[in-house]
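What follows is a short report on a single structure.
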Amino acid sequence: MTREYALRPVSGAQVAGATASRRFGIDYERELNPAQNEAVQIINGPILCLAGAGSGKTRTLVYRVARMVENGILPESILLLTFTRKSAMEMLERAQQLIGAEGRRVNGGTYHSAANLILRRHGIAIGLPSNFSILDEGDSGDILQMIRADLNLEKKETRFPQKSTIKAMLSASINRGISIDRIISDDYPHFIEHTGDICRMLAEYAAYKTRTHLLDYDDLLLDLIRLLEEAPYARAELSHRYRFLMVDEYQDTNPLQARITRLLAGDERNVMAVGDDAQSIYAFRGADFRNILRFPEEFPGCRMVRLEENYRSTAPILDSTNRLMSHATSGFQKKLFTRRTGGEKPALLACADEEQQSNFVAQRILELREEGVPLSKVVVLFRSGFHSYGLELELRRRDIPYQKWGGFKFLEATHIKDVLAHLRILVNPCDQVSWIRVLMLLEGVGPRTAAKIFSDISTATNPFDLSRITAGSKIKEGLGSLGSMLCRLSGDPRPDTSSLIDIITDYYSPILKNRHDDFPKRLKDLDQLATIGGKYQGLEEFLADLTLEPPTNSVNGRLADDGEKEERLVLSTIHSAKGLEWHSVFVIWALEGRFPSFPALQNPERLEEERRLMYVAMTRARENLYLCYPVSIWDAASGSLLAEPSRFIRDIGDELLERWSLQFDRSNQF
């Protein structure tokens, strides 16, 4: 017996009522402050969210993702662009905690990683094969060096720029949207006579990359723009796929990234830009803070929300940072506030010299530790890396452990680059740079021999069959071992990245032992590389991620957990500290001529960027802020005596700062 069930027609009023009465699993009004909630509620159309330091910007982004998904928007249609893959993944993980597994389907990453994925899927529309390789800085330099030799530019009578300088010129030209001629005349005038030869090199560099299916970092953005502008069908598909675009740290975008944002936004223009023009400090990388200022013009009808409630710093610290930025010559006006009560005024210390500045900082840090503030909760910030040298000596003298951010990056280590070169030629047998590196690891093979061998490889039916290559017995033996391994690896239809690295490491270990005295530590690094590789489903994805988002750990054992848990003070340039916070912050060398620097004093735009740099430094502090400067410092470069505090200190004013007078007692203690 069949049971009948009648479907009744649904009226328009009922549909509207169902939408209006949608229930959300999250109480957004309770979880967010009014400004954050306003930003989260606006879904369609362009929106600019001005997020002051410590104002809960990340929380706002996370809850907006959750709100959109709860509102019925497909997670796959959301694209979150950030400046590090780590920050994107952290945001999406937090969204998953709010809304569950659906959060995993939201797309997130950097502009470069998004470009990589899009170009591999759609690049054929502009003639780009999907198996292109991505060059890191070292590989780009090697190619430029090879081209320089081919063009006979190594025998110049006058000094010719090094490969790294030429690459920096090219990158600056691309990311700032300025001709290479102007970059050379403005930033490298001592090389202006070589402009013609540099342009020849760069033209050959571009042609070489095209022939060998190679892209560098800048090419990823350039080719994505080319795809979006020259392939309308691909652009329409991408705009339909990524209907809702969210960009973090918009003040740090360069002209290329801002252009990509406009193109991806499509006709619907569902784009949210989040950032703070007062924290734009990366002009040297091509960032243009005017992108965020122009956003309302680029997206007419844009709604603006200001996040001004600060959850990090005390009121006296915020009063001083508000006063500092009130003197800015351009930018959106914001006034940070907090509901917290109490707090000490920022301390201002005029020190007799650099030694006294270092003595004060070291002693005060030890006092804070006695008061219960761990060393890891304290940071010393400075404008330039060399500003900490004197302090480092004092910290060693007092046996205060510290870490100074910087040093060799993971991918800059020779042994890591060697193993990655083997992996790259498996993916792209046309990759001459990687082949030359691999071949030169063999005994008896130098640059010329490697180039000759590669010439034979490039014309072979099977590039990994090295047994047919004519060479001396010793080289022949090395080629046999290398070719045998490569044929074995290339024959696996579903290679496991971790296993590939293990096999290459077994082959490479004897070479490593012959070339490096500290090979045990380096072998641990290769074990860590295999562990990282095990997290990826495919080799191409692994290589792309390592190149686009390399681990920042220093080498020499840091990759392997040696069990050391010693608490350490942090010394950092201000640029490296952006986005972080500490209980207590020391800003040293707040001296006119050092911070701001002399070059900035001659350029209004650079001077304003240094003001923003000071703002970033001061807003890292939660409880204590110390502004220090030595007086009576002779500056040999300018031939002048530096004795005045930074103009940024003067802009804040004495009433918002507490002056500390340093006195010696008989035991030479403050």
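Quick caveat, the model's predicted, so the values are computed rather than measured.
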Next item on the list: Can you establish whether the number of heavy atoms outside Arg294 located under 6.0 Å from its atom CZ is more than 12?
Entry: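 More than 12 heavy atoms, drawn from other residues, nucleotides or ligands, come within 6.0 Å of this atom.
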
Are any side-chain N or O atoms of [X] and backbone N or O atoms of [Y], one a donor and one an acceptor, separated by less than 3.5 Å?
X: Ser434; Y: Asp431; answer: no
X: Tyr536; Y: Leu543; answer: no
X: Asn291; Y: Thr253; answer: yes

Item checked: Residue pairs passing the salt bridge (Lys or Arg N to Asp or Glu O under 4.0 Å) test where at least one lies in residues 249-261, sequence neighbours excluded ->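 As it turns out, the salt bridge (Lys or Arg N to Asp or Glu O under 4.0 Å) pairs with a partner in residues 249-261, which skip direct neighbours, are Lys57-Glu249, Glu229-Arg259, Glu249-Lys578, Asp252-Lys578.
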
Residues 167-174 side chain polar contacts: donor-acceptor under 3.5 Å, at least two apart:
residue, atom, partner, partner atom, Å
Ser171, OG, Asn175, ND2, 3.1
Ser171, OG, Asp218, OD2, 3.0
Ser173, OG, Ile178, O, 2.5

Note to self: Can you see whether Phe160 has Arg148 sitting over its ring - NZ or CZ less than 6.0 Å from the centre and within 45° of the normal?
What the structure shows: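 Verdict for Phe160: no cation-pi partner in Arg148.
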
Name all residues meeting the side-chain contact (heavy atoms from CB on, under 4.5 Å) criterion together with [X]; count only those two or more places apart in sequence or in a different chain, and write none if there are none.
X: Ser576; value: Trp405, Ser572, Thr573
X: Glu605; value: Arg290, Asn603
X: Ser509; value: Thr505, Leu523
X: Tyr233; value: none

Next item on the list: Can you sort out the partners of Arg176 under salt bridge (Lys or Arg N to Asp or Glu O under 4.0 Å), two or more places apart, ordered by chain and number?
Entry: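 Arg176 satisfies salt bridge (Lys or Arg N to Asp or Glu O under 4.0 Å) with Asp187 once adjacent residues are dropped.
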
Margin query: Strictly by ring-ring contact (aromatic ring centres under 6.0 Å, His included), give each pair with a member in residues 121-142 just once, sequence neighbours left out.
Written below: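 Found none.
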
Checklist line | Inter- and intrachain pairs under side-chain hydrogen bond (donor to acceptor under 3.5 Å, both in side chains), touching residues 442-462, at least two apart | finding: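 Non-adjacent pairs meeting side-chain hydrogen bond (donor to acceptor under 3.5 Å, both in side chains): zero.
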
Check: Does Tyr508 have any side-chain hydrogen bond (donor to acceptor under 3.5 Å, both in side chains) partners at least two apart in sequence or in another chain, and if so, which?
Finding: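 Counting only residues at least two positions away or on another chain, Tyr508 forms a side-chain hydrogen bond (donor to acceptor under 3.5 Å, both in side chains) with Asp418.
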
Check: Do Arg120 and Asn116 get their side chains close enough for a donor-acceptor pair, meaning under 3.5 Å?
Finding: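 There is such a pair between these side chains.
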
Check: Excluding sequence neighbours, so at least two apart, what forms ring-ring contact (aromatic ring centres under 6.0 Å, His included) with Phe299?
Finding: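 Only Phe295 meet the ring-ring contact (aromatic ring centres under 6.0 Å, His included) criterion with Phe299.
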
Check: Can you list the residues that meet the ring-ring contact (aromatic ring centres under 6.0 Å, His included) rule with Phe464, with sequence neighbours excluded?
Finding: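 Partners of Phe464 by the ring-ring contact (aromatic ring centres under 6.0 Å, His included) criterion come out as none, since no residue qualifies.
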
Item checked: Minimum-distance pair of heavy atoms, taken over all atoms of Leu264 and Ser239 ->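 Residues Leu264 and Ser239, closest heavy atoms: O-OG, 3.5 Å.
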
Note to self: Less than 4.0 angstrom from a charged side-chain N to a carboxylate O is my criterion; do Arg211 and Glu204 meet it?
What the structure shows: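 Between Glu204 and Arg211 there is a salt bridge, with a charged N closer than 4.0 Å to a carboxylate O.
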
Note to self: Under a 4.0 Å threshold between the charged nitrogen and the carboxylate oxygen, would Asp142 count as salt-bridged to Lys163?
What the structure shows: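 Salt bridge between Lys163 and Asp142, a charged N being under 4.0 Å from a carboxylate O: yes.
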
